There are 4 protein chains.
Amino acid sequence: MAGSTFGNHLQITTWGESHGTGIGVVVDGCPAGLPLCESDIQKFLNRRKPGQSRYSTPRKEDDSVEILSGVFEGRTTGTPISLVVFNKNQRSRDYGDIASYYRPGHADYTFDQKYGFRDYRGGGRSSGRETIGRVAAGAIAVKILAQLGISFFTYARAIGPVSIPQTAADLLTRLEVSDKELHRQILADPLYMPDSSSSEKAQEYLEACMKQLDSAGGVIEGIITGVPAGVGEPVFDKLDANLAKAIFSIGAVKGFEIGDGFLAAAASGSSNNDSFRIQDGQIIAASNHAGGILGGISSGAPVIYRAAIKPTPSIASHQKTVNQAGEEISISIHGRHDPIIVPRAVVVVESMAALTLLDLMLEHMGAKMDSLRKFYP
Amino acid sequence: MAGSTFGNHLQITTWGESHGTGIGVVVDGCPAGLPLCESDIQKFLNRRKPGQSRYSTPRKEDDSVEILSGVFEGRTTGTPISLVVFNKNQRSRDYGDIASYYRPGHADYTFDQKYGFRDYRGGGRSSGRETIGRVAAGAIAVKILAQLGISFFTYARAIGPVSIPQTAADLLTRLEVSDKELHRQILADPLYMPDSSSSEKAQEYLEACMKQLDSAGGVIEGIITGVPAGVGEPVFDKLDANLAKAIFSIGAVKGFEIGDGFLAAAASGSSNNDSFRIQDGQIIAASNHAGGILGGISSGAPVIYRAAIKPTPSIASHQKTVNQAGEEISISIHGRHDPIIVPRAVVVVESMAALTLLDLMLEHMGAKMDSLRKFYP
Amino acid sequence: MAGSTFGNHLQITTWGESHGTGIGVVVDGCPAGLPLCESDIQKFLNRRKPGQSRYSTPRKEDDSVEILSGVFEGRTTGTPISLVVFNKNQRSRDYGDIASYYRPGHADYTFDQKYGFRDYRGGGRSSGRETIGRVAAGAIAVKILAQLGISFFTYARAIGPVSIPQTAADLLTRLEVSDKELHRQILADPLYMPDSSSSEKAQEYLEACMKQLDSAGGVIEGIITGVPAGVGEPVFDKLDANLAKAIFSIGAVKGFEIGDGFLAAAASGSSNNDSFRIQDGQIIAASNHAGGILGGISSGAPVIYRAAIKPTPSIASHQKTVNQAGEEISISIHGRHDPIIVPRAVVVVESMAALTLLDLMLEHMGAKMDSLRKFYP
Amino acid sequence: MAGSTFGNHLQITTWGESHGTGIGVVVDGCPAGLPLCESDIQKFLNRRKPGQSRYSTPRKEDDSVEILSGVFEGRTTGTPISLVVFNKNQRSRDYGDIASYYRPGHADYTFDQKYGFRDYRGGGRSSGRETIGRVAAGAIAVKILAQLGISFFTYARAIGPVSIPQTAADLLTRLEVSDKELHRQILADPLYMPDSSSSEKAQEYLEACMKQLDSAGGVIEGIITGVPAGVGEPVFDKLDANLAKAIFSIGAVKGFEIGDGFLAAAASGSSNNDSFRIQDGQIIAASNHAGGILGGISSGAPVIYRAAIKPTPSIASHQKTVNQAGEEISISIHGRHDPIIVPRAVVVVESMAALTLLDLMLEHMGAKMDSLRKFYP
């Protein structure tokens, strides 16, 4: 379990380094018969591509995906789907200095401690480019789930200290915004922040950061609607536990919450409990402090979660560190770095959430004898 | 993967319901030759036992553990250790009403949706008693890790809105408190809150809660010292990702953070990065915003994490809900419930953290060819 | 992966030693709603109990099973089923000698090499009693599969050099024997050998063995009818590969075959291929050299497999060996040992086959998008 | 668990179809610091390449491997090694007929039953080309194990009815042949059959087969020397059980044995037990009926196993079958097929054995507290 594989039913295995030949993923367990072509996946990769706004690295990463297996005559065959993005635009430059010292906030030191040495070019395996495989696989999961009536809304809830006042889940629930309109708002904003006044303030904050050769973090929020009740396993493979792992396995994540999250810790039981009531003959929750999950199992209410993303560790201002010779030195990291990775990480978070949910939905299919009897009549 | 098994190398499998015959765990993959007896485990179980203070349920749960296998002549044999706590004090009462309606904040509704019916006695499998198996296994993991120089400090950082001003990690780092003294302070406090002035305020808050027939939540903080650098896998099985899943799989957890967590999202890169420096010939981090993990791999600095615990959902004040017949009803939950579960959950959190760390330490042993050559000379 | 857990969807975890407190199993992932009581399981355990004939040990093992969890009001709840058989009849005797030397054909030496020491009482974890957990779990799997129209016929095909001339699969296929009658014949024979003339010869052979203080082995054959086409994964988790592992994980197994097995190696392609034809509008195989599996996936034809069981290693005649002090010694193993374990192993083989098949049937439920769309409408 | 991943510590994930873009494998968990280049792997692939003798298909498969990740400056980095062989020589032809009917002995019918349709070009995922990924990964495992003193000898023991009289294990043990000489003999023979007189007879047999437009099977035998005692887990992950699964997951395998295998079933305990004795101060087995494994754990004696390989199902003589329209038809399969696959399968079997052994050797590293204390001082 060297941990490049994720999931039990739908399993993804990622590989590749920032400056190696390419980055890829093998998706095993994808149900047969899904129409799939490269543009389904490319669409997702484009959301994480740099250069979409002035708040991402000006590096040109021309990440075009190729399907190497598992699709025949336009449909998935049920066998592994191998996807690759060849690295085309990696500058050949001298990495001599970066090879010898440990950048603060990066995995240089810990990789050396673990493996004895490391591929230091562009961060090697610990580069953000590793997430290309996740996003390529996530595109497939989101497409499958869309066919089952499940929608994902993922966006920047906060950039640095600037936060959207209320969750989009409330807007959706109160029908103040349609699904389509919310998706449009998210994609239209340069920070994927679907609230124009917050986004403006956030952009001002980022400009100030950049002037100071500094970087910023933020909070990504995700809402999943249409999740059927009953998904998630009651003990270790709770839907929220698996989401926590999935999201926390993304490089820069430092916190994760479901529903009210840390606010729930300070609330009282009477205000935090969600009453049940009947609407149109259906049992629904009158509020959604729980974020759509009770006892690790989906309740049918929208699933709401949040991820804290740390500021980009690569900054151009001076920093102290040490080198492999054990000397204290001062460095400043030049190059084409993102002043913030939150907007590009939005689709990574959505991808991991979709892979997690689909995996547990496949698991759930065998939970009842009735289901087996119906499937094997 | 019905999810009652956790871990890859040290695997635990829990079983049992609140009001069934017993609760148990099978621990597979425990290294051979560890001295182990029932009191090693009982000590841990006693920390989660109710009735330790007036802030836990007055139910008497006389949870005494029995070792059924895997130990011979006082030492672990390397084969599965089966541990059981027989349920002795479950009141035989009429559960007729609870069987028919869905308690807000509980898993009653989602279990019915998943399985078609449920063992409704005391919450069945979704009861907090399920954690007995985790704690019994955790006691073994903590004992193993202690022999490798690793210590756990786990305590209530916040109760409702009352929080200890600074993390104990700072105290430990600045040597303002010794390991032994910190352990003593934690265990001496009725809320496992090692700051007497905060604890007093928290107790006042809880008294007020109880008078209003309401309940409270809180934040549990954990610090792990002595973790060697290099533990954790760089992609999906990051140390922080696996901790997130482990802790989030505990019933009432709604949020999880590493290091500065959500605060990091609002910080700048220059303030959030931890510089490296040399101390006594060793590379160390000058600060610890990262919480001891970089790129998913331990750096050697103390691992710091936090879990948000929601308020106990069982409250005696009136609540609206629905029953299985689809009628809206009003209920009030009587019985012997904890007004707060944070203090009892402290040892559960510590147990899950220890199991996670040990599992990844076993994985790490094969990371280098040099290690294999040394082991198989 | 210390390997006391088997399966991915229906997972069993066994524990216990020959002379410890008990032997048990946790069955996780059993679908909810299956009627289950202790006698369903006891019936299976009785088939492996010693003392059923003069060809098994006269030890009295009063193996009665208790259900500790996972069943409520007579039906499985979907949560882990914990089953235990407490060891009641283990003679307290002096094991001093057995502790110090290595019995040929047993795991004494290899356990010491692996773990540094061992529980030497009755073989400890490597005792045949470990299979009690497998059989208890297997009883559940067989019951579930029976509800889906799947039947198991498992019997001694050969005892020492005495073999039944033709496989019962042929008899079933040619309708020369009914399912019910075949089951009756198997259970009625003291060796579970459903051919009276072969059984008589086998019994004569065993009598001769016993007089010479020696032991015998044999071949167990299993037939599974009613398996739907499409079960098994095409690469590593082939139905035959998983059966091979499952059966080979039983202590005394030294060989495994599917269909014609080793005979196929000497056959020609033209005689070994099974033609397809149409019968009653269905595609069927005109012969069954393949044993019901093509490319790792069930074809709908009966699954046929065979396991070679070695002779009981515990024999009363003199043997040479060494002790822990590194001295060559001569021993003779007294005690109440089976002159042959084949008849008692029949139900163990059937149990492992049933667990394997059910596990892959659960996996198969998510193989097609159509299945997902039907399940999540 | 769609089953394209094998192993727990060293995990391989294969992908690709016969006539798709390529065939590949991701090797995760390879220890860091192993010198590795493409020729290490190519050497192995060349052993399974067709056209090495007149007994394999005259198809030209120019299988050259590329390393896409996981190797930096000539050494493995500890992160996933992605290997690919692009399909270059797949004839573009009309597959119209093969698409519509079910070839006897192939997986056409079962794939359709499982997935609803299939990639019919050259067998798609069920093609023997799938084993390219296994062999590429196996080359790495064999290289690692060689550094730990472990050697593999794998060869054709039987071709059709022609068998080498005695196992090479006896020759090695009696020092009648050196390791180097045995390797030379295996590689020098066109059938990888290290006994010239047997090989000649086998070649005559194959010539006769080919004249009759028929095909042949055989038995592959493997010997592993230098395996340290203690490897393998005592219950479900026995060394022999995992080998059985690994080897049985290769397409054409119909039987598997360890040591004396099916012969042991007919032997007596007194003749089948291997006595221990002392040689040069070491405990060794005086004979090796057990094939180097006791209770699922290696004993230090050579591991000996055998796999039965069925005759190639693609034959040019007439066969009856059915088509998708449900009509009975007669076919004869033309094209460039192997009259026997045994020689080409030898390296596949060796690869799977090596991957299995290495995986369990990595698992074994954490079996004792002493090992942990030494590793984490």
Side-chain angles (χ1 to χ4, degrees), chain C residues 1-4 6 8 102 104-105 107 110 113-114 116 126 161 214-215 217-219 229-230 233 235-238 240-241 244-245 248-249 254-258 261-262 264-266 268-270 272-273 275-276 278 283 294-295 297 299 308 310-313 315 317 320-322 328 367-368, chain D residues 1-4 6 8 102 104-105 107 110 113-114 116 126 161 214-215 217-219 229-230 233 235-238 240-241 244-245 248-249 254-258 261-262 264-266 268-270 272-273 275-277 283 294-295 297 299 308 310-313 315 317 320-322 328 367-368:
Chain C
M1 298 291 177
S4 293
F6 179 83
N8 292 317
Y102 299 128
T110 53
Q113 289 293 308
K114 183 170 196 74
S126 71
D214 213 335
S215 65
V219 174
E233 299 302 311
V235 185
F236 297 114
D237 287 346
K238 289 183 163 80
D240 33 0
K245 173 175 172 142
F248 237 105
S249 74
K254 300 302 287 184
F256 180 76
E257 299 183 316
I258 288 283
F262 276 87
S268 64
S270 59
N272 187 62
N273 281 348
S275 300
F276 290 105
I278 305 289
I283 295 177
L294 286 169
I297 303 170
S299 67
K310 75 174 184 179
T312 318
I315 51 176
S317 52
K320 289 183 179 170
T321 191
V322 302
E328 300 191 339
K368 289 189 229 179
Chain D
M1 298 290 177
S4 292
F6 179 82
N8 293 316
Y102 298 127
T110 53
Q113 289 292 308
K114 184 171 196 72
S126 71
D214 212 335
S215 64
V219 175
E233 299 302 310
V235 185
F236 297 114
D237 287 346
K238 288 183 163 78
D240 33 0
K245 174 178 170 137
F248 238 105
S249 74
K254 301 301 287 184
F256 181 76
E257 300 183 315
I258 289 283
F262 276 87
S268 64
S270 59
N272 187 63
N273 281 349
S275 301
F276 289 106
R277 59 190 185 83
I283 295 177
L294 285 169
I297 303 169
S299 68
K310 73 174 185 180
T312 317
I315 52 176
S317 51
K320 288 182 179 172
T321 190
V322 301
E328 300 192 337
K368 290 188 226 178

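What you see is a predicted model, and the numbers here were worked out from it, not measured in a lab. Chain A is the first sequence line, chain B the second, and so forth, proteins listed ahead of strands; every chain is numbered from 1.
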To the nearest 0.5 Å, tell me how far Lys320(D) NZ sits from Asn273(C) CG.
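CG of Asn273(C) is found 14.5 Å from NZ of Lys320(D).
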
Report yes or no: does Thr110(D) contribute a side-chain atom to a donor-acceptor pair with the main-chain N or O of Leu294(C) at less than 3.5 Å?
yes

Under a 4.5 Å cutoff for heavy-atom pairs, which residue among Ala107(C), Ala264(C), Gly230(C) has the most contacts with chain D?
Gly230(C)

Out of Ile258(C), Ile315(C), Val219(C), which one racks up the most heavy-atom pairs below 4.5 Å with chain D?
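Between Ile258(C), Ile315(C), Val219(C), the count favours Ile258(C).
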
With only heavy atoms counted, which part of [X] is less than 4.5 Å from chain D, the side chain, the backbone, both or neither?
{"X": "Thr312(C)", "result": "backbone"}
{"X": "Lys245(C)", "result": "both"}
{"X": "Lys368(C)", "result": "side chain"}

If the condition is side chain to side chain contact (heavy atoms under 4.5 Å, CB included), which residues does Lys114(D) pass it with, not counting sequence neighbours?
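Only Glu233(C), Ile297(C), His364(C), Ala367(C) meet the side chain to side chain contact (heavy atoms under 4.5 Å, CB included) criterion with Lys114(D).
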
Heavy-atom closest pair (Phe262(D) atom, Ala308(C) atom, distance to 0.1 Å) is CD2-CB, 3.6 Å

Ignoring hydrogens, what is the shortest heavy-atom contact between Tyr102(D) and Phe276(C)? Give both atom names and the distance.
O-CD1, 3.7 Å

Select, from [options], the one with the greatest count of heavy-atom pairs under 4.5 Å involving chain C.
{"options": "Pro311(D), Ser275(D), Gly295(D)", "answer": "Pro311(D)"}
{"options": "Gly105(D), Gly116(D), Ala2(D), Ser299(D)", "answer": "Ala2(D)"}
{"options": "Ser268(D), Ser249(D), Ala265(D)", "answer": "Ala265(D)"}
{"options": "Gly217(D), Pro313(D), Ala241(D)", "answer": "Ala241(D)"}
{"options": "Asn272(D), Ile283(D), Val235(D)", "answer": "Val235(D)"}

Can you list the steps and then say if Phe256(C) with Phe248(D) is a ring-ring contact (aromatic ring centres under 6.0 Å, His included)?
CA-CA 10 Å; Phe256(C) 180 76; Phe248(D) 238 105; 5.5 Å; yes

With sequence neighbours left out, write down each residue that passes salt bridge (charged side-chain N to carboxylate O under 4.0 Å, His left out) with Lys254(D), or none if nothing qualifies.
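With sequence neighbours excluded, Lys254(D) shows a salt bridge (charged side-chain N to carboxylate O under 4.0 Å, His left out) to no residue whatsoever.
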
